[in-house]
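Let me begin by presenting the structure, written as structure tokens, before commenting on it.
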Amino acid sequence: MVLITEEIIQQFEVLMRKVDEPLKKTFQNMNFGYERETLVRFLKARDGNVSNAHKMLMESISWRIQNKIDDILAKPINPIEFYRAIRDSQLTGMCGYSKEGHPVFAVGVGRSTYDKASIHYYIQSHIQMNEYRDRVILPSATRKFGRYIGTCIKILDMTGLKFSALNQLKILSAISTIDDLNYPEKTETYYIVNAPYIFSACWKVVKPLLQERTRKKVQVLSGCGRDELLKIMEYESLPHFCRKEGSGTSRDGEVSDCFSLDHPFHQQLYNYVKEQAARVGSAAPVRHDSFHVDFPEPDLADVKIAQTIECEFQRLGNQNGLSHTSHELKVNGE
């Protein structure tokens with residue numbers, strides 16, 4: 001990994017001083033008072049190359065302006081029944097903190113279906129969670145633990161993962177690209193748990209394609225990962241799918257399923273968005289349709305990855321006497 005020196009940071013700071021005022025304002029909105037730390041994130045994402053990091057940051061700022069990302073937390077997804085359906089099909093949430101103060105987010109990779117709304121709603125929901133993390137959760141963690149905390153931990157639950165998940169390649173690729181280009185270096189470690197047989201075929205293909213800095217962040221744990229995760233977080237911060245007791249309620253009676261809209265994290269996020277919308281309500285009515293954000297279309301590389309995974313899965317299946325049906329698979333939804 002490239003060492004980000006003081007000289008490199010200062011060179012980046014000089015370039016940012018030359019930026020036009022409207023862009024500077026948006027940059028201030030996205031760094032939340034941590035300008036230096038934000039520059040370091042983009043430098044890491046471009047292996048310490050100041051010119052490339054500056055280009056990446058400028059493109060991210062432009063993306064925020066063009067898509068009004070600064071206002072996205074004032075754009076609720078209504079009605080609540082529809083939002084609940086999104087939460088039930090886009091499984092993600094925050095379950096606690098690590099012992100070092102990093103927020104712990106859980107993602108239900110295997111059981112997310114993304115079939116209750118258009119891709120625009122799922123992307124809106126994902127970006128809202130990113131922004132709430134960056135504007136509210138991380139600053140709060142920084143104050144609570146008395147030191148700067150700018151990254152989170154993600155636990156990816158592969159329970160229920162099926163080969164048909166490749167049908168969601170378009171939306172997963174869009175979300176991943178948005179994060180890579182506009183929210184770089186926000187995850188400390190990715191922990192993969194409850195990995196079924198099919199995961200080995202997918203991981204064998206995907207792992208070599210990841211950048212080295214990303215590969216180093218990924219840890220595949222045995223089973224539900226409970227014992228390993230308890231080394232870095234308390235039991236109360238374990239996501240429900242890593243607890244042997246099940247996924248009903250936690251010891252204090254709160255809903256422990258962090259994917260559920262009834263979980264405290266999602267209730268806080270939902271109420272925060274409603275409050276932000278109410279503040280601007282007198283100036284402009286809140287629209288109840290999706291908040292469209294520009295996102296990149298999957299390129300041919302994504303299709304090739306899907307095809308390679310399919311071939312590998314078929315090879316492993318034949319090798320082990322297993323079979324699967326793939327005639328209903330529609331890569332990129334086509």
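Numbering of residues begins at 1 and proceeds along the displayed sequence.
- Under the side-chain contact (heavy atoms from CB on, under 4.5 Å) criterion, Arg84 pairs with Asp88, Leu261, Asp262, sequence neighbours left out.
- Ser112 places a side-chain N or O within donor-acceptor distance of the main-chain N or O of Leu91, the cut-off being under 3.5 Å.
- The cationic group of Arg243 lies under 6.0 Å from the six-membered ring centre of Tyr235 and within 45° of the ring axis, placing it in a cation-pi geometry.
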- Item | side-chain contact (heavy atoms from CB on, under 4.5 Å) between Tyr191 and Val220, worked out | CA-CA 6 Å; Tyr191 292 101; Val220 181; over 6 Å; no

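- If you check the side chains of Gln90 and Ser125, you find a donor sitting under 3.5 Å from an acceptor.
- The backbone N or O of Val136 sits nowhere less than 3.5 Å from a side-chain atom of Tyr272 that would complete a donor-acceptor pair.
- Every residue meeting the ring pair (Phe, Tyr, Trp, His ring centres under 6.0 Å) condition with Phe82, not counting sequence neighbours, appears here in chain and number order: Tyr121.
- For the ring pair (Phe, Tyr, Trp, His ring centres under 6.0 Å) test, no residue two or more places apart in sequence or in another chain qualifies with Trp63.
- Hydrophobic cluster membership is shared by Tyr132 and Ile86, with clusters built from Ile, Leu, Val, Met, Phe, Trp and Tyr side chains linked at under 4.5 angstrom.
- Remark: Lys274 engages no residue in a salt bridge (charged side-chain N to carboxylate O under 4.0 Å, His left out) (not counting sequence neighbours).
- Hydrophobic clustering (side-chain heavy atoms under 4.5 Å, transitive across Ile, Leu, Val, Met, Phe, Trp, Tyr) groups Val19 together with Ile9.
- In this structure, His266 and His263 have perpendicular ring planes: the angle between them is above 60°, well past the 30° mark.
- A search for side-chain contact (heavy atoms from CB on, under 4.5 Å) contacts involving Ser222 returns nothing, not counting sequence neighbours.
- Between Glu234 and Leu230 the shortest heavy-atom distance is C-CD2, 4.0 Å.
- Listed by first then second residue, pairs satisfying side chain to side chain donor-acceptor pair (under 3.5 Å) with a partner in residues 49-61 read Lys55-Glu59, Ser60-Asn182, not counting sequence neighbours.
- Using modelled atom types, no side-chain atom of Ser173 and backbone atom of Lys170 make a donor-acceptor pair closer than 3.5 Å.
- Salt bridge status for Glu212 with Lys216: present, with a side-chain N to carboxylate O gap under 4.0 Å.
- Looking at Asn67, its side chain never comes within 3.5 Å of a backbone N or O of Ile69 through a donor-acceptor pair.
- Expressed to the nearest 0.5 Å, how far CZ of Arg46 lies from CD1 of Ile4 amounts to 12.5 Å.
- Residues passing the ring pair (Phe, Tyr, Trp, His ring centres under 6.0 Å) test with Phe12: none are found, sequence neighbours excluded.
- Taking Glu6 as the reference, Arg36 meet the salt bridge (charged side-chain N to carboxylate O under 4.0 Å, His left out) condition, with sequence neighbours excluded.
- Under a hydrophobic-cluster definition in which Ile, Leu, Val, Met, Phe, Trp and Tyr are linked whenever side-chain heavy atoms come within less than 4.5 Å, directly or via other members, Leu39 and Tyr34 are assigned to different clusters.
- Between Leu238 and Met233 the shortest side-chain heavy-atom distance falls below 4.5 Å.
- Around atom CD of Glu100, no more than 12 heavy atoms belonging to other residues, nucleotides or ligands sit under 6.0 Å away.
- Between Tyr114 and Ile119, every side-chain heavy-atom pair lies at or beyond the 4.5 Å cut-off.
- Under the salt bridge (charged side-chain N to carboxylate O under 4.0 Å, His left out) criterion, Asp70 pairs with Arg64, not counting sequence neighbours.
- A 4.5 Å side-chain heavy-atom check between Pro184 and Met56 finds at least one atom pair inside the cut-off.
- Ser176 pairs by the side-chain contact (heavy atoms from CB on, under 4.5 Å) definition with Asp180, not counting sequence neighbours.
- Screening Lys186, Lys217, Glu188 for a side chain to side chain donor-acceptor pair (under 3.5 Å) involving Thr151 leaves a single residue, Glu188.
- Under a 3.5 Å cut-off, the side chain of Gln128 and the backbone N or O of Leu73 do not form any donor-acceptor pair.
- With sequence neighbours left out, Pro103 forms a side-chain contact (heavy atoms from CB on, under 4.5 Å) with Met94, Tyr97, Phe105, Ile137, Leu138, Ile149, Cys152.
- Two residues are said to be in side-chain contact when any heavy atoms from C-beta on lie closer than 4.5 Å; Thr187 and Ile153 fail this criterion.
- In this structure, the side chains of Thr189 and Lys154 stay at 4.5 Å or more apart for every pair of heavy atoms.
- The cluster map of Ile, Leu, Val, Met, Phe, Trp and Tyr, joined by side-chain heavy atoms under 4.5 Å apart, puts Val107 and Val218 in the same cluster.
- At least one donor-acceptor pair closer than 3.5 Å links the side chain of Tyr122 to the backbone N or O of Asp115.
- Between Asp157 and Val109 there is no side-chain heavy-atom pair separated by less than 4.5 Å.
- Residues Tyr148 and Phe145 fall into different hydrophobic clusters, defined by Ile, Leu, Val, Met, Phe, Trp and Tyr side chains chained together at heavy-atom separations under 4.5 Å.
- Applying the ring pair (Phe, Tyr, Trp, His ring centres under 6.0 Å) rule to Phe259 yields the partners His240, Phe241; only residues at least two apart in sequence or on another chain are considered.
- Contact check for Thr38 versus Phe27: side-chain heavy atoms found under the 4.5 Å cut-off.
- At a threshold of 4.0 Å, the pair Lys24-Glu21 counts as salt-bridged, since one of the basic side-chain nitrogens sits closer than that to a carboxylate oxygen.
- Side-chain contact annotation: Tyr270 with Glu275, donor-acceptor N/O pair under 3.5 Å absent.
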